[in-house]
Number of protein chains: 2
Amino acid sequence: MNIGQAAKASGVSAKMIRYYEQTGLVSPAARSGAGYRTYAEKDVHTLRFIRRARDLGFSVEGIAELLALWRDRTRHSADVKDMALGHVAVLRKKITELEAMAQTLQSLASCCAGDERPDCPILKDIEDGTDGPARAPHRFGLLPDGGA
Amino acid sequence: MNIGQAAKASGVSAKMIRYYEQTGLVSPAARSGAGYRTYAEKDVHTLRFIRRARDLGFSVEGIAELLALWRDRTRHSADVKDMALGHVAVLRKKITELEAMAQTLQSLASCCAGDERPDCPILKDIEDGTDGPARAPHRFGLLPDGGA
DNA sequence: GTGGGGCTTCCCATTGTGGGAAGGTCAATG
DNA sequence: CATTGACCTTCCCACAATGGGAAGCCCCAC
């Protein structure tokens with residue numbers, strides 16, 4: 001199976017498969033005489049694992065750990081659980097931050113007339129910083145959505 | 001005031017101030033004889049506005065719009081409100097996605113013994129993809145946290 | 001033998017942010 | 001006045017994960 005087939009079968013784009021290979025997340029694929037990467041069912045299985053882990057929000061680095069555990073028949077399920085729960089904590093923290101932003105904005109918006117006049121409590125707040133020293137983060141890229 | 005002072009006063013790092021200038025979010029600062037950027041209170045005020053908007057999760061592009069509205073004395077508060085609410089919608093969507101991940105992971109973890117044995121429902125699930133075709137996103141960078 | 005589609009590698013862009021090097025400046029102290 | 005240390009300048013690099021696209025080779029079907 002060539003990379004295009006593997007991509008379709010696994011839900012990971014060809015571009016990403018090459019990237020994962022390049023960064024060492026997956027081992028280099030076998031090559032055909034012409035230099036084409038060839039994949040077996042087993043490889044697709046791994047790619048699928050990766051995609052699912054990505055869908056659960058794990059970083060590539062986290063996936064590397066997960067893959068290592070997956071392949072280690074002597075693993076302790078406690079280690080996997082720790083990773084999962086640790087990630088849940090990260091997720092929840094992020095959610096909390098996002099929620100704080102949303103709530104602030106929402107309440108600000110509810111004080112805004114939303115008409116043709118210029119007066120706006122939202123801008124006033126951003127300007128004066130009444131929203132507290134909430135050192136919240138930002139920078140959460142919105143899904144370029146590599147279509148499934 | 002030099003850039004370092006402005007950075008401290010506004011909560012925006014010097015690096016970022018230069019970046020914002022370079023990308024046109026703020027207009028080029030005045031320069032001293034030696035080529036040092038100099039800032040007035042007014043500039044710091046603008047930088048503070050930017051930082052607050054970032055804290056509310058707006059992208060630089062969004063902030064550019066917000067700034068334009070802020071400076072436009074003939075703005076309609078409705079436009080500001082639209083932006084705020086639009087952003088809230090984006091935030092909520094993100095939250096929903098994150099929550100789906102957290103919930104899946106949490107429930108999976110709760111089925112995991114978490115002991116020294118290798119059997120693990122979490123890995124099984126990721127492997128077999130029982131978690132549904134939830135094409136959720138990922139890639140939400142966690143705050144490098146430019147400490148304020 | 002030719003066309004179209006798939007594959008290869010390589011480079012670029014994205015979004016904000018920080019790190020660091022090489023060099024100029026400035027203020028204070030000896 | 002000279003040195004020192006803190007500050008400024010520009011320029012390049014890196015990150016994380018992903019897509020876009022170009023140039024060129026390959027393979028199969030017709």
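Every chain is numbered from 1 and lettered A, B, ... according to where its sequence line falls, protein lines coming before strand lines. All of these numbers come straight from a predicted model, not from anything done at the bench.
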Mind calculating the distance between CE (M1(A)) and C1' (dG6(C)) to the nearest angstrom?
15 Å
Between W70(B) and F49(B), how do the two ring planes meet: parallel, tilted or perpendicular, split at 30° and 60°?
parallel
Is there, by distance only and without an angle test, a donor paired with an acceptor across the side chain of K15(B) and the base of dG20(C) below 3.5 Å?
yes
What is the distance, to the nearest angstrom, from the CD atom on Q22(B) to the P atom on dT15(C)?
14 Å
Rounding to an integer number of Å, can you tell me how far L47(A) CG sits from dA17(D) C1'?
16 Å
Can you pull out the residues from residues 25-39 of chain B that lie within a 4.0 Å heavy-atom distance of DNA chain D?
R31(B), G35(B), Y36(B), R37(B)
Tell me whether the OP1 or OP2 atom of dG19(D) has a side-chain N or O from S13(A) closer than 4.0 Å.
yes
Nearest to the R18(B) side chain among dT9(D), dG16(C), dG19(D), which nucleotide is it?
dT9(D)
Polar side-chain atom of R52(B) near backbone of L56(B) as donor-acceptor pair, under 3.5 Å:
no
Would a distance-only check, ignoring hydrogens and angles, find a side-chain to backbone donor-acceptor pair under 3.5 Å from D72(B) to T74(B)?
yes
Applying the side-chain contact (heavy atoms from CB on, under 4.5 Å) criterion to V80(B), which one of I122(A), I126(A), D119(A), L108(A) satisfies it?
I122(A)
Single-linkage hydrophobic cluster, 4.5 Å side-chain cutoff, Y19(B) and L25(B) together
yes
OP1 or OP2 of dT15(C) less than 4.0 angstrom from a side-chain nitrogen or oxygen of Y19(B), does that happen here?
no
Show, in sequence, the C-alpha distance, side-chain angles and deciding distance for D55(A) and R51(A), and conclude whether the salt bridge (charged side-chain N to carboxylate O under 4.0 Å, His left out) test is met.
CA-CA 6 Å; D55(A) 288 351; R51(A) 199 186 76 84; 3.0 Å; yes
Salt bridge (charged side-chain N to carboxylate O under 4.0 Å, His left out) between E21(A) and R37(A), worked out:
CA-CA 11 Å; E21(A) 178 179 315; R37(A) 287 174 182 79; 3.0 Å; yes
Just the rounded figure in Å: distance from C1' of dG24(C) to CG of N2(B).
14 Å
Give the rounded distance in Å between these two atoms: CD of E21(B) and P of dC11(D).
12 Å
Starting from P on dT15(C), measure out to NZ on K94(B) and report it in whole angstrom.
15 Å
Take the C1' atoms of the five end pairs on each side of the helix from dG1(C)-dC30(D) to dG30(C)-dC1(D), get both axes, and report the angle to 10 degrees.
30°
Please give, in whole Å, the distance from dA6(D) C1' to Q5(B) CD?
11 Å
What's the verdict on side chain to side chain contact (heavy atoms under 4.5 Å, CB included) for I3(B) and Y36(B), showing C-alpha distance, side-chain angles and the deciding distance?
CA-CA 8 Å; I3(B) 200 170; Y36(B) 283 22; over 6 Å; no
Ignoring hydrogens and geometry beyond distance, is a side-chain donor-acceptor pair present between D115(A) and S77(B) at under 3.5 Å?
yes
From CD1 of I63(A) over to C1' of dA16(D), roughly how many Å is that when rounded to an integer?
12 Å
